[in-house]
2 protein chains.
Amino acid sequence: MDYKLRQDKLRERAGAARLDALLVSHLPNVHYLCGFTGSAGLLLVEARGSVFFTDFRYDTQAHEEVKDARIVIGRKPALELLGQHLSRKRKGSRSWIIGFEAEHLTIAEKKRLTRFLPSGIRAKDAAAMVEPLRLIKDDEELACIREAVKLGARLFDRALEVLRVGVAEVDVAAEMEFMARRTGAEGMSFPTIIASGERSALPHGRASADPVPRGGFVVCDFGVILGGYCSDQTRTVWVGPVSKEARRVYDAVQEAQLAATEAVRPGVTAGEVDAAARNVLGKAGLAEYFTHSTGHGVGLEIHEAPRIAAGQKEVLQPGMVITIEPGVYFAGKWGVRIEDMVAVTPTGCEVLTPTGKHFIAV
Amino acid sequence: MDYKLRQDKLRERAGAARLDALLVSHLPNVHYLCGFTGSAGLLLVEARGSVFFTDFRYDTQAHEEVKDARIVIGRKPALELLGQHLSRKRKGSRSWIIGFEAEHLTIAEKKRLTRFLPSGIRAKDAAAMVEPLRLIKDDEELACIREAVKLGARLFDRALEVLRVGVAEVDVAAEMEFMARRTGAEGMSFPTIIASGERSALPHGRASADPVPRGGFVVCDFGVILGGYCSDQTRTVWVGPVSKEARRVYDAVQEAQLAATEAVRPGVTAGEVDAAARNVLGKAGLAEYFTHSTGHGVGLEIHEAPRIAAGQKEVLQPGMVITIEPGVYFAGKWGVRIEDMVAVTPTGCEVLTPTGKHFIAV
């Protein structure tokens, strides 16, 4: 990964906002800028270089992973190490302004930060500066994401092998997660959703101990983390004898999913993609049952920008990676959701998820 | 769980701090106070009742889980729903002060909160008020924790069945996590550590694709979540022909672990428990290789108060649940850690982890 380039782009943004340095505290942003994947660390991006602060637990890991930043390890919390670094640095020159990530620093951390800052250095709220960079994935990132999506997709094949009436939802999830681990995933990108029967109408129905009942949908929403990047996919399977209504709703959701995917290309707004899905479901008389937005960005985090939702003005650009996941939910009865990941290309989009979307009954 | 009692205790604390209400934004605290386990929600604890705010995705779940609070569901973010609630509430009476959790609200969230507050209501930093309650586990919590620890301990038996020279660390983790799912765990309480060879000297060596080499320790540090409560356990196993030094270090770590456990009783400080472990390792000439603290509290979160570390003045009380986990690490060579969970009782402590600590070579 070209961490140097990413940091340089960030320096431009920080400079334009009249900041002398930016303190990056959000760990996915730290990861993006210097490669560190541990769970405690701060990156200070200064005009002429960067410094990474962490505690002794991450000594070996930091030296293995962190690129394009000087590494400072200590027995104290990273915020205090930062304060010491700045105290040594500042000697009588003009006053400095350090931006911090307002979305990712707590009130208490801000207080501690202020306490550790030497005189002549001021901390200032900064708007999100790393996230706009992360919005556009470069070729190396796209390659990582393709691998994560491919690995993730294999879990659905495994689910189909074990999904049947009477099997506990968690046992399906267990088989998928076991396969993920055995095939190299670092972890799951979110708690696996295997939602059967009435639970399929819950947009966030984590796998429970309930057995899969006959005559209903099972929503399978799952993802892996591979090389730091997340995958996200949903398929919905019918169990038992098929009803006409189930088939009709499934087909409408599939049509909405395809229509939204068709709409994805540079220059289109996120809201227009959402509308493409919503229009199809509206014509099928199902608009009111599509209760969430059409999708979201995916990358180092499972949910990132852009939001693919009604009215969103964000204009799609090549390199964005998003989900397209319309759903229809009849509370107390069942629900259907179909989700792919797609990458915006110069001319349209690349559907990353390889799994078919045909109606499957087991 | 007696949510009403917990909220009443919190009301006392909030009242003593001259707050008219406390806004609870940290999700484990929300869970503790009203039972909600979803990933978005706010609880406002007022003098005469509580109100829980979440968005429509959690409608069903909130109504199933939330106790002793009125539920407000909307299409807007919870902070905005809170603002609406307060605007309706406040009509010309005296001005109100709402405390918020300074450790758990970001600068940006605070700004949004302030924007949504009607005039006459002021937001104020509050010290941690829920965490001190969570520090002492009640009988129902202790029962949950015992179950989680028991389930977690079975994973080590599984690890022993598969751990041998040449097996990938992740494959050991995969078998353990598969068993966790199949036996009812909601998830793992942290990324499973299976660290073999030189990696055993990393205190945070997540399972990698590396095969387990002959002639070294394998540190297995793992935990499950069951009924919302975390387990945490470490055992270290030798692989191949045993060296005298390995045996000597293992025995010293075990002795340190037992000495610290012996020290646990009401009235003793967390620092004294840490010192008990450190003294044993000091006498064995290993003090400098024990690079972390002796333990931490465990409950709804994997790391919570108290810290069992050098100089900590916190006095142990019945109902606290902590880990005792000394370790010795030779960088570039190998490491050993042994960890149990213990509950402080009126007369001493109850070792929750049932697994033996004898030296095992596979």
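Proteins get letters first, then strands, A, B, ... in listed order; numbering begins at 1 in each. Just so you know, these numbers come straight off a predicted model, no measurement behind them.
A salt bridge links Arg182(A) with Glu175(B): the distance from a Lys NZ or Arg NE/NH1/NH2 to an Asp or Glu carboxylate oxygen falls below 4.0 Å. A salt bridge does not link Lys111(B) to Glu103(A): none of the charged side-chain nitrogens sits closer than 4.0 Å to a carboxylate oxygen.
Neither the backbone nor the side chain of Ser39(B) comes within less than 4.5 Å of any heavy atom of chain A. For Arg199(B), no part sits under 4.5 Å from any heavy atom of chain A, backbone or side chain. Neither the backbone nor the side chain of Ser208(A) comes within contact range of chain B, judged by heavy atoms closer than 4.5 Å. Neither the backbone nor the side chain of Tyr329(A) comes within contact range of chain B, judged by heavy atoms closer than 4.5 Å.
Ranked by non-hydrogen atom pairs under 4.5 Å with chain A, the options Asp55(B), Thr291(B), Leu202(B) are led by Thr291(B). When the candidates Met188(A), Glu101(A), Arg57(A), Arg206(A) are compared by the number of heavy-atom contacts under 4.5 Å with chain B, Arg57(A) comes out ahead. Of the residues considered (Glu186(B), Met179(B), Arg75(B)), Arg75(B) shows the highest number of contacts with chain A, using heavy-atom pairs under 4.5 Å.
Between Ile107(B) and Thr106(A), the shortest heavy-atom contact is CD1-O, 4.2 Å.
Annotation: Lys76(B), atom NZ; neighbour count of heavy atoms from other residues, nucleotides and ligands within 6.0 Å does not exceed 12. Around atom CZ of Arg154(B), no more than 12 heavy atoms belonging to other residues, nucleotides or ligands sit under 6.0 Å away. Residue-environment remark: CZ (Arg278(A)) exceeds the threshold of 12 foreign heavy atoms within 6.0 Å.
Partner Arg181(B) forms a side-chain contact (heavy atoms from CB on, under 4.5 Å) with one of Val170(A), Asp171(A), Val172(A) and no other, that one being Val170(A).
Counting heavy atoms from C-beta on, the side chains of Thr60(A) and His204(B) never come closer than 4.5 Å.
The distance from the CG atom of Asp125(A) to the NZ atom of Lys110(B) is 10.5 Å, given to the nearest 0.5 Å.
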